[in-house]
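Note that ligands are numbered from 1 as they come in the structure, with each ligand's atoms numbered from 1 the same way. If you're wondering where the values come from, they're calculated on a predicted model, not measured in any experiment. Reckoned from all heavy atoms, side chains included, excluding hydrogens, waters and symmetry mates.
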Amino acid sequence: MHLLIPAAGMGRRMGSERNKLLLTLLDKPLLTWTLLSAEAATCIDWIGIMGQPVDFPEFKDILATVNLSKPVELIQGGDTRQESVYNGLQALPSDAEQVLIHDGARCLATPQLFERCAQALQEYQGLIAAIPVKDTIKVVDEDGLILDTPERKQLWAAQTPQGFNVKLLKDCHEQGRQQRWEVTDDAALFEKCGLSVHIVMGEETNLKVTTPVDLSVAEFILKARHNP
Ligand code: CTP
Ligand code: MG
C-alpha cells in the first residue's frame with residue numbers, strides 16, 4: 001500500500017514561525033511521530049512526503065534519524081493541501097492502484113488505524129477514518145445567527161487516513177481543478193464526483209495538531225502511551 005503524507009503547510013494557526021511539523025513534541029519533531037507510526041504499519045510499503053522545498057533539509061535530517069525500512073520520496077507540495085495531494089498523486093509509482101493519504105499533522109494515529117484503513121480499501125473505492133462528534137454542531141451565518149442544528153447521530157468528524165482507488169481519485173482531482181472546487185479533504189472531491197466514500201472507525205486520540213493547545217494535548221497522550 002502506498003502512503004502520501006501532506007506536510008507542506010505553514011502551521012499558521014499554531015502561530016509559530018515555521019512549519020508546525022518541525023516543532024518538537026516530547027523529544028522528537030512532530031513529523032517523526034507520524035513517520036514512526038507509518039513505519040510500524042506493515043500494510044504500508046512506500047511513503048511519499050509532500051513538503052515545501054525550504055523544509056527539505058530538515059525533512060532529510062528527520063529521515064536520516066528515523067531510518068525507515070520503506071522507500072521514501074520527498075515531493076514538492078503546493079499552496080493548498082489540495083494541490084499538495086495533487087502533486088503527490090502525480091508522483092506515485094505507476095503500479096500504485098490504491099493510496100492512503102494521511103496528514104503529517106495527525107501524529108497520534110496508531111499503526112492499527114493504518115491497517116484497518118488498508119484492509120477496508122480491499123472492499124471500498126473510497127474511505128475515511130472518522131469518529132462520531134461529541135458536540136452538538138450548529139450551522140451559523142455570517143451574523144452569528146444559527147441557521148440549523150443537524151441531528152448529532154448523523155454527524156461524524158472526518159480524520160485521516162483516507163484511502164482511495166488511485167485512478168478514481170486522480171480523475172476527481174482533475175475535475176476539481178477544472179471546476180475550481182476548493183475542498184479541505186480528498187473525500188469531498190470524491191463525493192462531489194458522485195462516488196461513494198465509506199467510514200472506518202477512527203480514533204479519539206487521532207487529533208490534528210493545529211493550535212498550541214493541541215500540541216500540549218498530543219504531548220500528554222504520547223507521554224501516557226510511553227509510560228502507561
Ligand atoms: N498541508 C500541505 N500543503 C499545504 C497546506 C497543508 O501538505 N499547502 C498539510 C499540512 O502540512 C498538514 C495537513 O495538510 O499536515 C493538514 O493541514 P493543516 O492542519 O491545515 O496544516 P497547516 O496548513 O500547516 O496549518 P494552518 O492551516 O493552521 O496554516
Ligand atoms: Mg491549513
Assess Lys70 against Trp46: is NZ or CZ under 6.0 Å from the centre of the six-membered ring, and within 45 degrees of the ring's axis?
no
Short list, please: which atoms of ligand 1 are under 4.0 Å from a heavy atom of [X]?
X     : answer
Thr80 : 3 (N), 4 (C), 8 (N)
Lys20 : 18 (P), 19 (O), 21 (O), 22 (P), 24 (O), 25 (O)
Asp79 : 8 (N)
Ala7  : 7 (O), 11 (O)

Please check this pair: side chain of [X] against backbone of [Y], looking for a donor-acceptor N/O pair closer than 3.5 Å.
X      : Y      : result
Asp214 : Thr210 : yes
Gln179 : Glu174 : no
Arg13  : Thr211 : no

Going by distance only, is there an N or O of [X] that falls short of 3.5 Å from an N or O of ligand 1?
X      : value
Pro6   : yes
Ala8   : yes
Arg12  : yes
Arg13  : yes
Gly104 : yes
Val209 : no

Is it the side chain, the backbone, both or neither of [X] that has a heavy atom closer than 4.0 Å to ligand 1?
X      : result
Glu83  : neither
Arg106 : neither
Ala105 : both

For Asp186 and His173, run side-chain hydrogen bond (donor to acceptor under 3.5 Å, both in side chains): C-alpha distance rounded to whole Å, both residues' side-chain angles, the deciding distance at 0.1 Å, then the answer.
CA-CA 8 Å; Asp186 297 281; His173 268 266; 2.8 Å; yes
Would you please determine whether Gly77 falls within less than 4.0 Å of ligand 1 on a heavy-atom basis?
no
How far is [atom] from its nearest protein heavy atom, and which residue and atom name does that atom have?
atom                    : value
atom 3 (N) of ligand 1  : Ser84 OG, 2.7 Å
atom 8 (N) of ligand 1  : Gly78 O, 3.0 Å
atom 24 (O) of ligand 1 : Gly11 N, 2.8 Å
atom 17 (O) of ligand 1 : Lys208 NZ, 4.4 Å
atom 11 (O) of ligand 1 : Gly9 N, 3.0 Å

For Gln82 against Glu182, the heavy-atom pair lying closest together:
OE1-CA, 3.6 Å
Is a salt bridge present between [X] and [Y], judged by a nitrogen-to-oxygen distance below 4.0 Å?
X      : Y      : value
Lys134 : Glu204 : yes
Arg81  : Asp185 : no
Glu58  : Arg18  : yes

For Trp33 and His226, I'd like to know if the aromatic rings sit close, meaning centre-to-centre distance below 6.0 Å.
yes
Quick one: pull up CD1 in Ile47 and CD in Glu39 and give me the separation to the nearest 0.5 Å.
6.5 Å
I'd like to know whether CG of Asp141 has more than 12 heavy-atom contacts from other residues, nucleotides or ligands below 6.0 angstrom.
yes
